[in-house]
Amino acid sequence: MATDSAKNDTSTADKGTMTPEQFKKEYPLFSVLTPSDFQVKTKEDQDAVYKNSRVGFASIRDTAEVNAIFSRPEIKTLLKGDLKFLWSAKSPFPNDETIRELVAIKVASRDGRAPLDGGAVSSARGDRSVLTNKPEITMQMNPEGAQKWKRMTSENIGKQVAIVLDEQVYSYPTVQGEIPNGNSQITGDFTDMEAADMANILQAGKLPAPCRIIEEAVVGAIFRRKSN
């Protein structure tokens with residue numbers, strides 16, 4: 001990605017002077033994927049984007065085309081072998097259910113399996129935070145899972161862990177600190193029903209390795225956009 005806001009805007013001027021067909025030819029990826037740094041103006045916001053696993057947004061109807069672009073051999077050679085992209089299970093926008101997030105996942109194991117799966121979760125339930133009274137998920141690991149979870153959280157404070165089921169990302173909360181006893185709370189923009197659903201998913205799904213957006217140097221090779 002470009003390192004200043006002037007380079008970070010895919011040329012509004014280009015969009016204004018090109019036909020949709022010309023823009024798609026010039027920017028095939030950005031014609032179907034809106035990057036996370038779209039319209040980012042401040043360095044603080046830019047830093048927050050770089051630390052987030054979200055790559056961008058796309059309409060459900062365009063997800064297959066985005067997948068095809070990232071599957072091209074010339075693009076794959078620019079990406080690390082431990083990186084994969086998955087779509088969110090729901091829209092990040094309450095008023096538009098047609099949008100999905102593209103999330104960058106770092107695969108930690110050689111066989112691509114998650115270091116923790118549903119077998120490590122002894123219980124999970126939708127709950128209400130005692131501090132905020134907002135919906136959250138309370139999760140308890142079994143002894144073996146708790147040991148792995150302690151190591152994972154201690155090594156990845158400030159990074160994100162994705163909750164994935166059937167190749168869809170249901171959440172990717174940030175690790176706030178080491179969790180030594182396997183008892184965790186997952187907070188986010190949940191409704192009570194979504195928190196209950198997430199608890200069920202945790203007991204049946206998988207917890208992939210901590211993930212973050214691909215390194216800036218790699219992103220730059222793929223996502224740099226023209227500036228005037």
- Query: Do the non-hydrogen side-chain atoms of Tyr170 and Leu165 ever get within less than 4.5 Å of each other?
  - Reply: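 Side-chain contact under 4.5 Å: yes.
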- Item | Side chain proximity check, Ile137 to Gln185, heavy atoms < 4.5 angstrom |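 Ile137 vs Gln185: side chains apart.
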Side-chain ([X]) to main-chain ([Y]) donor-acceptor, under 3.5 angstrom:
X	Y	answer
Thr153	Lys150	yes
Asn142	Gly145	yes
Gln160	Ser53	yes
Ser36	Val55	yes
Gln22	Thr19	yes

- Query: With a 4.0 Å cut-off, would you call Asp127 and Arg125 a salt bridge?
  - Reply: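 Yes, Asp127 and Arg125 are salt-bridged.
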- Query: Is any side-chain N of the basic residue among Glu65 and Lys24 closer than 4.0 Å to the acidic one's carboxylate O?
  - Reply: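 Looking at Glu65 and Lys24, the cut-off is met.
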- Sorted by first residue and then second, give each salt bridge (charged side-chain N to carboxylate O under 4.0 Å, His left out) pair with at least one member in residues 93-102; sequence neighbours left out.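 Every salt bridge (charged side-chain N to carboxylate O under 4.0 Å, His left out) pair that includes a residue of residues 93-102, provided the two are not neighbours, is Arg54-Glu101.
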- Under the salt bridge (charged side-chain N to carboxylate O under 4.0 Å, His left out) rule, what pairs show up with a residue in residues 167-183, not counting sequence neighbours?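 For residues 167-183: Lys84-Glu167.
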Which heavy atom of [X] sits nearest to which heavy atom of [Y], and what is that distance?
X	Y	value
Ile69	Leu29	CD1-CA, 3.7 Å
Pro135	Ala195	CB-CB, 4.2 Å
Gln168	Ser88	NE2-O, 4.5 Å
Pro28	Ser31	O-OG, 2.8 Å
Trp149	Gly182	CD1-CA, 4.2 Å
Leu83	Leu79	CD2-CD2, 4.0 Å

- Item | ring pair (Phe, Tyr, Trp, His ring centres under 6.0 Å) against Phe190, all qualifying residues, sequence neighbours excluded |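 Residues passing ring pair (Phe, Tyr, Trp, His ring centres under 6.0 Å) with Phe190: none at all.
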- Message: Are Phe57 and Phe93, when compared by the centres of their aromatic rings, separated by less than 6.0 Å?
- Response: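 Under 6.0 Å, so yes.
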- Task: Check the side chains of Ser123 and Gln140 for a donor-acceptor pair under 3.5 angstrom, ignoring hydrogens and angles.
- Result: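 Not at all, the side chains of Gln140 and Ser123 share no donor-acceptor pair under 3.5 Å.
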- By side chain to side chain contact (heavy atoms under 4.5 Å, CB included), which residues pair with Thr77, not counting sequence neighbours?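 Side chain to side chain contact (heavy atoms under 4.5 Å, CB included) check on Thr77 returns nothing, list empty.
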- Task: Using the test side chain to side chain contact (heavy atoms under 4.5 Å, CB included), find all partners of Ala58 that sit at least two apart in sequence or belong to another chain.
- Result: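 Ala58: side chain to side chain contact (heavy atoms under 4.5 Å, CB included) contacts with Leu33, Val66, Trp87.
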- hydrophobic_cluster_shared for Phe30 and Ile99, side chain cutoff 4.5 Å: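 Different hydrophobic clusters.
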- Query: If you link I, L, V, M, F, W and Y whenever their side-chain heavy atoms are under 4.5 Å apart, who else ends up in the same group as Ile60?
  - Reply: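 Besides Ile60, the hydrophobic cluster comprises nothing; the residue is isolated.
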- Message: Taking CD in Glu144 as the centre, count heavy atoms belonging to other residues, nucleotides or ligands within less than 6.0 Å. Is the count above 12?
- Response: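 Count not over threshold, so no.
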